[in-house]
Amino acid sequence: MRLSLYKKKRNFKETPEPADSPSGRSGSHKFIVQKHDATNLHYDFRLEMEGVLKSWAVPKGPSMNPADKRLAIMVEDHPLDYENFFGIIPKGNYGAGLVEIWDRGTYKPIENPKKINDEKLMLAQLKKGDLKIDLNGHYLNGTFALVRMNDGKGNNWLLIKKKDEYSEDDFNIEDLNPVKIYKGKEDKETKQKKKSPNSQNEKQSIDKYWKTLQKPMLAKLTDKVFDDKEWIYEIKFDGYRSITKIENGKAEMVSRNGHSFNEMYKPLVKELENIKAEVILDGEVVIENKKGIPDFQLLQNYSKNKKGTLKYFIFDILFLNGHDLTGFPLYNRKELLEELFKKYKSGNIFLSVYAEEKGTSLFDKVSKMGYEGIIAKDKNGIYRPGKRSDSWLKIKTGLQQEAIICGYTLPQGSRKHFGSLILGLYENENLKYIGNCGTGFSESSLKELFKVLNPLVTAKSPFSLKPKMTGTKGKPVWVKPELICDVKFSEWTNDGSMRHPVFNGLRKDKSPENLTRESGSKSNLKNNPEPEMSKEDILTLNGKKVKVTNTDKLYWKKEKITKGDLIKYYTDVSKYILPYLKNRPESLNRHPNGIDAPGFYQKDMDVKQIPKWAKTVKIYSTSNKKYIDYLICNDAATLIYMANLGCIEINPWNSVYTRPDNPDYMILDLDPGDISFKEVIKTALVTKEVCDEIGVKCYCKTSGATGLHVYLPLKAKYDYDQVRTFANILASVVHDRLPDTTSIERSVSKRKKKIYVDFLQNSKGQTIAAPYSVRPRPLATVSTPLMWSELKDNLTPQDFTILNIKKRLDKAGDLWKGVLGTGVPILKALKKLEKL
DNA sequence: GTAATTA
DNA sequence: TAATTACAACGCAAT
DNA sequence: ATTGCG
C-alpha cells in the first residue's frame with residue numbers, strides 16, 4: 001500500500017494497534033517518502049515513506065521544544081541505513097538544504113544547521129530512492145522534520161515534526177521517550193563490547209579507521225563556565241594535539257595535520273610501544289616548565305634544545321582491539337581508557353584527569369595555576385573526528401589570539417634587539433592594528449625573533465590606517481605582515497586592541513591571509529570608531545529609486561562574480577533585454593544565496609512590499625483558486641529590483657498580460673542529456689531546415705545552460721493549444737530526421753544520451769529564460785541570441801557570459817528583433833509540414 | 001529580502 | 001535588541 | 001487524483 005502523509009493523516013485513526021508497540025498504537029500501512037521537487041522543497045512537498053507503518057507517538061526528548069508537535073511513525077524493514085547520523089531535519093527556510101543532524105547519544109543536534117547547507121548531503125546519506133522527501137504546500141506547509149532512530153528492539157522510528165499541523169488530540173498520541181530507548185541500546189552494546197571485545201562482534205581492521213580517526217575532534221570556544229552533571233571537565237593543555245596509533249607494538253604519533261611526531265617525540269613513542277593492544281588514542285603533547293605548567297614556547301624549541309619535561313596526556317580512546325569506539329558516549333570511552341591503562345606504569349604518558357559536574361571550581365583552580373583553560377565535554381557525546389562539535393567546549397582563562405606581526409619598536413634602555421612587537425589582524429581586506437606586545441620574551445626568543453624579523457623589514461607601514469600607538473616610546477620599524485604569533489591577553493579594549501598582551505610563541509603552522517579575530521572571543525567592536533561600510537546603495541534609474549543591497553555577496557563563488565556584477569550587467573543590457581519583457585508576467589527564479597545554494601520560485605508579489613513604481617497584474621490561478629500579483633518588468637528599475645532579489649534568471653511569459661492566451665512566439669527547447677553539444681547544433685540546424693522547407697522564419701539562442709532555444713515569431717495570432725500542437729508536430733518531424741540523437745519523450749529515464757526536443761514550454765504560464773538573461777550556472781552564462789551562421793562545431797554555450805555580452809551587443813546589436821515582429825502563419829505551415 | 005517570532 | 005525562523009509556483013501529460 | 005517534469 002502506498003499513501004501520502006496527508007492521506008495518512010486521515011488514515012491514522014483507522015490504523016489498528018499492535019500489542020507490542022511502545023506507544024501502544026500501530027498499524028501496518030506501507031508508506032513511501034518521495035521527494036517531488038528539488039527546486040522548491042519549501043512549499044511543494046509531498047510526503048510519503050516506504051516501510052510499514054506500525055505506530056506513532058509524540059516523543060519528548062530533552063532538547064525538544066515542547067511546543068513542537070512531533071509525530072513518530074515506526075517503520076519496519078526500512079532499507080535506509082544510517083551510520084554517523086541519527087536524524088535529519090530539512091527546514092523550509094533553507095529548502096531541503098538544511099539538514100540537521102542529531103546526536104545518537106545525546107539526542108541533540110550535533111551540527112550547526114547553517115553549516116550543513118547541502119541537499120546532496122542528505123541525499124547521499126539517505127540514498128535516493130530509499131527515503132525521499134517531497135513537500136506539498138497544500139498539506140505540509142511549515143516546519144517539517146524527519147528523524148529516524150532505532151528503538152533497540154529492532155524497530156525503526158521515523159519522527160515527522162510538523163508545527164501546528166498535528167495535535168495530540170488528533171491522534172490521541174501517547175508519549176514516547178526515544179532517548180531512553182536509544183540510550184538503552186547504546187549501553188547494552190557498550191557493555192557487550194567491554195566485556196568481550198574480542199568475541200562475538202566482528203573485528204575491524206585498525207587501518208581502515210586510521211585515516212579518518214587521525215583527525216582530532218575539536219572543541220568550540222565559549223566564554224561561560226558551567227556545572228552540569230552530564231558533563232566532565234578537563235584541563236586544557238597548551239601543547240600539540242596528537243593522535244596515536246599502536247599496533248603490533250609499534251606506535252605512530254601524528255599531529256592534527258597528519259604529520260608524524262615519531263622523530264620529534266621519540267621518548268614518548270618508545271614508551272607508548274609498551275602498550276600491548278591495538279588502539280588509537282587522542283591526547284596532547286606538552287612540555288612542563290620548572291613550575292609544572294605546560295609551556296608552549298618550550299615545546300616549540302624542544303626539537304632544538306630538549307629543555308623541559310616532555311609529557312603526553314591522553315584523554316580519549318577511539319579504537320580498541322578491532323572496535324571503533326567513536327560511536328560510544330564519552331563516559332564509556334573514559335572507562336575503557338582507564339581499564340586499559342591500569343596495566344601500564346606511566347613514565348611520561350599520563351591519562352588526563354577530569355572533574356565531574358564541577359566545572360566552575362576546576363576553572364577557578366586552573367586559572368590560579370596559570371593554565372590556559374578547561375575543556376568541558378558532554379559525557380554522552382560521541383567522538384566526531386575532525387569536527388568542531390558542541391559536545392566539547394573550550395573555556396579559556398584568559399584570551400588568546402593569533403596575531404600578525406606587522407613591525408616592532410626600537411629597544412629602549414638596556415633592552416636588546418627590539419622593544420615590542422606591533423601586531424595586526426585582518427578585518428575584511430584591511431590589516432588593522434590591534435596593539436603592541438612587549439612582554440613574554442626570553443632573552444633567547446628576543447634574539448631569535450629579531451633574526452627572523454630583520455629580513456622582512458620594509459619602509460612602508462602594512463596597515464591601511466596609521467596605528468595610534470599610545471604608551472610606546474620606541475620608534476616603529478615595519479615588517480612585511482608574514483609572521484604569526486600567539487598572544488595571550490586579558491581582554492579586548494573598546495577600540496579593538498588587546499589589553500595586557502603577552503607573547504606566547506610563533507605559529508609556523510598558519511598563514512597570515514584572512515587571519516581574523518577568533519570567533520567566540522568577545523570584543524567591543526560596537527564602540528569601534530571606524531565607520532562601517534555602507535551595506536546598501538540607492539540607484540536612480542529614469543527617476544525611479546532602487547535600493548540595492550549586499551552588492552559584495554558572491555553569487556558565483558568560483559568565478560568571484562558578485563550580486564553587484566549581476567546588477568551592473570542588467571543595467572548595461574537593459575535596453576536590449578527590456579523589449580522581450582514588456583508586459584509579460586514574470587516568474588522570479590530567485591537565488592538569494594548564489595548559484596550553489598538552493599533557490600526558489602516566486603510569482604506572487606507582496607504589493608505592499610514592492611516599490612511604488614513597480615507594476616504588477618492580477619492573474620487568476622486556477623490551481624490555487626486565488627489571484628496572483630505577477631510582476632511586470634517594463635523598465636530598468638524593475639529589472640534591477642529583480643536582480644537585487646537574487647533573480648539571476650529572468651523568466652517572462654510567452655504572452656503579454658493584455659493577451660494572456662496568445663503567445664508571441666513558439667519555442668522549441670533543445671535540451672541535451674549526456675550528449676555532445678555538436679549534436680545540439682545539428683538538431684537546431686535540422687529544425688531550421690524544416691522551417692525553411694515550410695517557409696517559416698525561426699531564430700536561435702543559447703539557453704545559457706546546456707542547450708539551444710529555437711523561437712518562431714507568432715505575433716499573438718494563435719492560442720497556446722494551437723501553438724503547442726504545432727510545436728509538437730515540428731518536434732516530431734525533427735525527431736524523425738534525427739531519431740538516434742533526439743527524443744520527444746518527457747520521461748527523463750527514456751531519453752538518456754539524447755536531446756530532448758521539448759515543445760511543452762508553449763503553455764500559458766510556462767516560462768523560459770529570456771534572451772540576454774543570465775543563468776544561475778557556472779561561469780555566469782547568458783542566454784544569447786545567435787545568427788544561424790554562428791552555429792558551427794566550435795560554438796559552446798560557455799562562450800557567452802555576463803562578462804562579454806555587453807561588448808557583443810554593442811558591436812552587433814540585438815540579433816533577435818524579428819522575434820517580436822511579423823508572425824509566421826503556422827496553420828498554413830502545418831499543412832506543408834504534414835506533407836513533408 | 002522581509003516580516004514575524006524567539007531569546 | 002539581536003538572532004533565528006518562515007516564506008516565496010505553475011500547468012501539462014502520463015499514470 | 002496523483003505524479004514527473006521543466
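Everything numeric in this text was worked out from a predicted model, so none of it was measured. Each chain gets a letter, A, B and so on, in the order its sequence line appears, and its residues count up from 1.
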May I ask you to decide whether A:Asp596 forms a salt bridge with A:Lys557, counting only side-chain N to carboxylate O separations under 4.0 Å? no

Nearest whole angstrom, please: distance from the C1' of C:dC7 to the CG of A:Asn589. 16 Å

Is the distance from OP1 or OP2 of B:dG1 to the nearest side-chain N or O of A:Thr549 less than 4.0 Å? yes

Rounded to the nearest Å, what distance is computed from the CG atom of residue A:Asn550 to the C1' atom of nucleotide B:dT2? 13 Å

Check: A:Tyr580 side chain, A:Pro652 main-chain N or O, donor-acceptor pair, under 3.5 Å: no

Side chain of A:Arg590: nearest nucleotide among D:dG6, C:dC10, B:dG1? B:dG1

Kindly point out which of B:dG1, D:dG6, C:dC10 is positioned nearest to the side chain of A:Asp669? D:dG6

Whether A:Asp721 and A:Arg724 form a salt bridge (side-chain N of Lys/Arg under 4.0 Å from carboxylate O of Asp/Glu) is what I want to check. yes

Protein-nucleotide distance (A:Ile768, atom CD1; D:dG6, atom P), rounded to Å: 12 Å

Looking only at C:dA8, C:dC10, B:dG1, the nucleotide nearest the A:Phe600 side chain is C:dA8

A:Lys603 has a side chain; which of C:dG11, D:dC5, C:dA9 sits nearest to it? C:dA9

Starting at CZ of A:Arg584 and ending at P of C:dC10, how long is that distance when rounded to a whole Å? 20 Å

With A:Ile610 as partner, the option from A:Leu645, A:Thr616, A:Thr638 fulfilling side chain to side chain contact (heavy atoms under 4.5 Å, CB included) is A:Thr616

Integer-rounded Å distance: C:dC10 C1' and A:Ile619 CD1: 12 Å

When the P atoms of B:dT2 and C:dG11 are considered, how many whole Å apart are they? 28 Å

Give me the distance, rounded to whole Å, that separates B:dG1 from C:dC10 when you measure between the P atoms they each carry. 23 Å

At less than 4.0 Å, is any side-chain N or O atom of A:Lys608 found next to OP1 or OP2 of B:dT2? Yes or no. no

In whole Å, I'd like the distance from the CG atom of A:Asn651 to the P atom of C:dC10. 14 Å

Closest to side chain of A:Gln602, choosing from C:dA8, B:dG1, C:dC10: C:dA8

Sequence neighbours excluded - salt bridge (Lys or Arg N to Asp or Glu O under 4.0 Å) pairs with any residue from residues 609-620 of chain A: A:Lys618-A:Asp629

What residues, two or more places apart in sequence or in another chain, satisfy salt bridge (Lys or Arg N to Asp or Glu O under 4.0 Å) together with A:Asp228? none

At under 4.0 Å between heavy atoms, what does A:Lys626 touch on the DNA or RNA strands: base, sugar-phosphate, or nothing? nothing

Does A:Asp758 reach a base, just sugar-phosphate, or nothing at all? Heavy atoms under 4.0 Å. sugar-phosphate

Counting side-chain heavy atoms from C-beta on, which of C:dA8, D:dC5, B:dA3 comes nearest to A:Ser747? D:dC5

Nucleotide N/O to protein N/O under 3.5 Å, stretch nucleotides 12-15 of chain C:
residue : atom : partner  : partner atom : Å
C:dC12  : O2   : A:Arg746 : NH2          : 3.2
C:dA13  : OP1  : A:Arg724 : NE           : 3.3

Please determine if A:Asp661 and A:Lys764 form a salt bridge, counting it only when a charged side-chain N lies under 4.0 Å from a carboxylate O. yes

Under 3.5 Å donor-acceptor, A:Asn583 side chain and A:Tyr657 backbone: no

Take atom P in C:dA9 and the same atom in D:dC5, then report the distance between them in whole Å. 23 Å

Can you tell me the distance, in whole Å, between the CH2 atom of A:Trp653 and the P atom of C:dG11? 8 Å

Select base, sugar-phosphate, or nothing to describe what A:Asp671 touches, counting heavy atoms under 4.0 Å on all strands. nothing

Might you confirm whether atom NZ of A:Lys545 has over 12 heavy atoms from other residues, nucleotides or ligands at distances under 6.0 Å? no

Could you give the CG-to-C1' distance, from A:Asn654 to C:dC10, as a whole number of Å? 13 Å

Look at all strands and tell whether A:Leu588 reaches a base, only sugar-phosphate, or nothing, counting heavy atoms closer than 4.0 Å. nothing

Counting only side-chain heavy atoms from C-beta out, which of B:dA3, B:dG1, C:dA9 sits nearest to A:Gln609? B:dA3

